[in-house]
Number of protein chains: 2
Amino acid sequence: MIKLSTKGRYGTRLMVNLARRQRLGSEAVILKSVAEEEGISIRYLEQIIIPLKINKLVKSIRGAGGGYCLGRKAEDIKICDILKALEGTCSLVECVEDDQFCEKTSTCGAYEIWKGATDLLRNYFESVSLEDILEIGNKKTAAAKRKAKPK
Amino acid sequence: MIKLSTKGRYGTRLMVNLARRQRLGSEAVILKSVAEEEGISIRYLEQIIIPLKINKLVKSIRGAGGGYCLGRKAEDIKICDILKALEGTCSLVECVEDDQFCEKTSTCGAYEIWKGATDLLRNYFESVSLEDILEIGNKKTAAAKRKAKPK
DNA sequence: TCTATTACAACATATTTTTATAGGATTTAT
DNA sequence: ATAAATCCTATAAAAATATGTTGTAATAGA
Ligand code: FES
Ligand code: FES
């Protein structure tokens, strides 16, 4: 399949969780609480957050009372940034990035198709920010609550 | 990364190769020759072609003088058909297909984003046929030849 | 200063999935 | 009968996914 890796998916959820908690007033969010809320192993999240930190998408605060916070404003962090940090590139096939990868790039018709799809995806993911996701999530949560507790 | 599996990529090249050779007049194309032309292990191609056969994208002719041919006209086979046959679905994340996959689908903002991206990709891959890829490949090959042998 | 908390680092290990190769059985044209 | 193909099953190798262990370093607060 064309599959987003779990790293990409978990990493995004991690970032959204950070963004939401930060918005609610938390200074630094500890990873353990994210792991519990999202139901993801903290050990795995520890591995995932390393590249996010290297790419300055999150900042860490060590010691008691420490934790993580967003590296910049939620509206300035695009999904594409997260995926790139976690997976190196944001392309569908390697030959799009590295024309030595397949031997017959110069005559391969499929190449243009993969490239077209990659561009499509990249544009899309460059247009969506953490802020946007947060917004959608809030609306869904509110709707779910209205449904659960009808007055 | 968001990565097209090698199955999807090899399967597409296999289908394009079949289409091209069929166009050139071959009745049945033997897998061994595809494997050699494309530089892919014949054993691996044998596994890849099974779901293509099950989904009637190719027909097989057993025995000596046998081989494979397209199940229908190249213009009626879309990339999406190939990918679906090879990978089950054509979605970026499982939760898009199966709302039990993630627990918090009802409040997850990222879900809509993955769904949006999946729809984008699916539309694109539904719009591209084997015929289209063949066409692009032919043009590229012609251009490469002109460059190699300037009169 | 002491203690609890938290990030950070370096591993090791296990499981699952993907990718790839191998051997042989079956079918069929000649 | 024989050679040429597909077909079928098993296995190996590699990568992705996930958990576990054992620490060290930094910091807030008592
Ligand atoms: S160049 Fe990579 S699939 Fe054709
Ligand atoms: S519902 Fe699957 S990532 Fe949110």
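Quick note on labels: first sequence line is chain A, next is B, and so on, each numbered from 1. Values reported hereafter were calculated over all heavy atoms of this structure, with side chains retained and with hydrogens, waters and symmetry mates removed.
What separates CD1 of A:I50 from C1' of C:dA7 is a distance of 11 Å, to the nearest Å. The nearest whole Å value for the distance from the CD1 atom in A:I48 to the P atom in C:dA9 is 17 Å. Atom pair A:Y68:OH and C:dT6:P shows a separation of 12 Å (rounding to whole Å applied).
With sequence neighbours excluded, no residue forms a side chain to side chain donor-acceptor pair (under 3.5 Å) with B:T118. Scanning for side chain to side chain contact (heavy atoms under 4.5 Å, CB included) contacts around A:K7 gives A:S5, A:Y44, A:I48, with sequence neighbours left out. When the side chain to side chain contact (heavy atoms under 4.5 Å, CB included) test is applied to A:L121, the partners found at least two apart in sequence or on another chain are A:L92, A:F125, B:I2, B:A117, B:L121. Residues forming a side chain to side chain contact (heavy atoms under 4.5 Å, CB included) with A:R43 (at least two apart in sequence, or on another chain): A:S41, A:E46. Residues meeting the side chain to side chain contact (heavy atoms under 4.5 Å, CB included) test with A:L134, sequence neighbours left out: A:V16, A:A19, A:R20, A:R23.
Within a heavy-atom distance below 4.0 Å of DNA chain C, no residue of residues 15-33 of chain B is found.
B:D132 and B:S129 are linked by a side-chain donor-acceptor pair at a separation below 3.5 angstrom, with hydrogens and angles left out of the test.
Among residue pairs with one or both ends in residues 101-116 of chain A, those qualifying as side-chain hydrogen bond (donor to acceptor under 3.5 Å, both in side chains) are A:E112-B:K140; sequence neighbours excluded. Sequence neighbours left out, the pairs with a member in residues 26-35 of chain B that pass side-chain hydrogen bond (donor to acceptor under 3.5 Å, both in side chains) are B:R21-B:S33. Judged as a side-chain hydrogen bond (donor to acceptor under 3.5 Å, both in side chains), the pairs with a partner in residues 61-86 of chain A (not counting sequence neighbours) are, in order, A:R72-A:D81.
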Contact letters for nucleotides 19-25 of chain C, in which S counts primed atoms plus P, OP1 and OP2 and B counts the base, heavy atoms under 4.0 Å: SBBBBB-
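Taking 4.0 Å as the cutoff to heavy atoms of chain A, we find the contact window on DNA chain D bounded by D:dT17 to D:dA28.
Residue contacts shown for B:K53 are limited to sugar-phosphate atoms, with no base heavy atom under 4.0 Å away.
Clustering of Ile, Leu, Val, Met, Phe, Trp and Tyr by side-chain heavy atoms under 4.5 Å joins A:I54 with A:I50.
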